[in-house]
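In each ligand, atom 1 is the first atom listed, and ligand 1 is the first ligand listed.
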Amino acid sequence: MSRLALVTGATSGIGEATAIKLAQRGCELIITGRRQSRLEELKKKLQNLSQQKCTALVFDVSDRKEVQSVFAKHEELFSRVDYLINNAGLAKGVDPMPEADIEDWEIMIDTNIKGLLYMTRLILPGMIKRNSGDIVNLGSLAGRWVYPGGGVYCATKFAVRALTEGLRMDLLGTKIRVMTIEPGRVETEFSLVRMGDEAAAKKVYEGMNPLVAEDIAESIVWCLERPSHVNIQEMVIVPTDQASVTLFHKQLKQTVT
Ligand code: NDP
Ligand code: 8X3
């Protein structure tokens with residue numbers, strides 16, 4: 001039987017790779033993001049892969065009214081969601097807290113915490129009614145350890161871990177599984193979005209072998225495909241070149257003159 005998966009933040013990185021893997025398994029998909037042209041491109045690709053319908057919805061997960069209005073327009077579709085992949089998220093800035101831009105804090109908190117909550121709250125009634133469904137929240141290694149300049153981003157990912165745990169408790173006794181995937185460094189558009197500078201973003205991954213989006217997508221799909229009595233509550237995945245949130249093995253290029 002074909003499943004219906006909703007992947008937020010499918011316009012790049014982990015979300016896009018996860019949508020592709022789910023389509024390869026024959027899932028019907030709902031993909032979301034703010035960049036319409038990317039969503040439309042991906043929609044065509046996913047329909048070809050899955051031979052199933054794909055619905056592309058452009059909205060900002062951090063805008064509560066917008067989220068509610070999209071849900072109101074697609075109530076029947078959303079009531080059938082089997083897999084909710086709460087992936088949309090971002091970091092903004094690396095400045096120490098005394099100098100950081102408050103606007104950046106608000107964007108991270110509104111997207112990573114409130115956006116995830118809005119999506120979950122609206123999808124849950126359908127899952128509860130059918131007594132089935134899986135929710136995968138994208139946490140981070142930054143939801144377990146903090147690093148300088150990352151306090152607020154880390155706080156949002158600590159929140160994702162708490163929300164995942166809390167929801168699991170509130171749903172105990174149902175067949176709905178709630179899990180969090182906590183990656184270390186994955187080379188996506190994440191650092192470009194965070195720093196707004198190609199060269200600085202590239203430097204984050206320089207000299208090491210980071211994870212790629214497909215590594216995480218594969219793990220998400222593996223978790224979803226466990227038998228229904230098995231819930232992988234938390235999965236921490238890091239590159240072999242990363243030992244902690246701040247400790248990396250990097251081979252720096254040497255120039256011989
Ligand atoms: P990308 O920047 O490549 O992708 C982020 C996705 O989130 C995009 O599709 C973007 O779409 C979407 N998004 C961001 N803000 C919003 C918003 N307000 N409304 C709707 N969609 C939004 O990064 P990743 O793939 O790396 O990140 C995916 C998730 O994984 C995030 O939650 C991130 O925190 C987490 N993560 C990433 C790690 C990494 O090292 N890359 C490590 C650990 C966790 P659009 O811009 O079109 O709206
Ligand atoms: C992203 C991982 O360590 O770059 O969640 O903050 S990190």
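At a 3.5 angstrom cut-off on N or O pairs, P183 does not count as close to ligand 1. At least one N or O atom of V61 sits closer than 3.5 Å to an N or O atom of ligand 1. For N87, a nitrogen or oxygen atom sits less than 3.5 Å from a nitrogen or oxygen atom of ligand 1, counting backbone and side chain alike. Considering backbone and side-chain atoms alike, D60 places an N or O below 3.5 Å from some N or O of ligand 1. Polar contact with ligand 1: present for G9 (N/O pair, distance under 3.5 Å). Residue contacts with ligand 1: V193 is placed with no nitrogen or oxygen under 3.5 Å of a nitrogen or oxygen of the ligand (distance criterion only).
Taking every heavy atom of A10 and a limit of under 4.0 angstrom, the matching atoms of ligand 1 come to 9 (O). For ligand 1, the atoms sitting less than 4.0 Å from at least one non-hydrogen atom of E189 are 2 (O), 3 (O), numbered in the order shown with element in parentheses. If you number the atoms of ligand 1 from 1 as listed, the ones under 4.0 Å from a heavy atom of F59 come out as 19 (N), 20 (C). Set against the non-hydrogen atoms of Y153, the atoms of ligand 1 under 4.0 Å away are 33 (C), 34 (O), 36 (N), 44 (C). Under a 4.0 Å criterion applied to the non-hydrogen atoms of R185, ligand 1 contributes the atoms 40 (O). Heavy-atom contacts of G13 reach the following atoms of ligand 1: 3 (O), 25 (O) (cutoff under 4.0 Å). The ligand atoms of ligand 1 that sit less than 4.0 angstrom from a heavy atom of G139 are 43 (C), 44 (C). Within the listing of ligand 1, atoms 25 (O), 26 (O), 30 (O) sit less than 4.0 angstrom from a heavy atom of I14.
For S79 (side chain) and E76 (main-chain N/O), a donor-acceptor pair under 3.5 Å exists by modelled atom type. No donor-acceptor pair closer than 3.5 Å links the side chain of S191 to the backbone N or O of V204. No donor-acceptor pair closer than 3.5 Å links the side chain of T174 to the backbone N or O of N131. R168 contributes a side-chain N or O that, together with a main-chain N or O of V178, makes up a donor-acceptor pair within less than 3.5 Å. Side chain of D82 to main chain of G133: no donor-acceptor pair is present (N/O by atom type, distance under 3.5 Å, no hydrogens or angles).
No hydrogens or angles considered: nothing links the side chains of D241 and N209 as a donor-acceptor pair under 3.5 Å. Using a 3.5 Å distance cut-off with no hydrogens or angles, the side chains of N137 and T164 do pair a donor with an acceptor. A donor-acceptor pair shorter than 3.5 Å can be found between the side chains of N112 and T156. Between the side chains of N87 and T18, no donor-acceptor pair is found at a separation under 3.5 Å.
Distance from atom 22 (C) of ligand 1 to its nearest protein heavy atom, with residue and atom name: A88 CB, 3.7 Å. The shortest contact between atom 9 (O) of ligand 1 and any protein heavy atom is with T11 OG1, 2.7 Å. Protein heavy atom in closest approach to atom 15 (N) of ligand 1: R34 NH2, 3.2 Å. Closest to atom 4 (O) of ligand 2 among all protein heavy atoms lies F190 CE2, 3.9 Å. Shortest contact from atom 2 (C) of ligand 2 to any protein heavy atom: S140 OG, 3.6 Å. Here the heavy atom of the protein found nearest to atom 7 (S) of ligand 2 is Y147 OH, 3.7 Å.
In this structure, G184 is part of the shell of residues with a heavy atom less than 4.0 angstrom from ligand 1.
Taking 4.5 Å as the limit, every side-chain heavy atom of Y118 sits out of range of all side-chain heavy atoms of D63. Contact annotation: the side chain of N86 never approaches that of V136 to less than 4.5 Å [non-hydrogen atoms, C-beta and beyond]. In this structure, the side chains of R34 and F59 stay at 4.5 Å or more apart for every pair of heavy atoms. No side-chain heavy atom of F78 sits less than 4.5 Å from a side-chain heavy atom of L122.
At a heavy-atom distance under 4.0 Å, no atom of P210 approaches ligand 1. The residue R38 has no part lying near ligand 1, judged by heavy-atom distances below 4.0 Å. The backbone and the side chain of R35 each have at least one atom closer than 4.0 Å to an atom of ligand 1 (non-hydrogen atoms only).
Checked against ring pair (Phe, Tyr, Trp, His ring centres under 6.0 Å), Y83 has no partners two or more places apart in sequence or in another chain.
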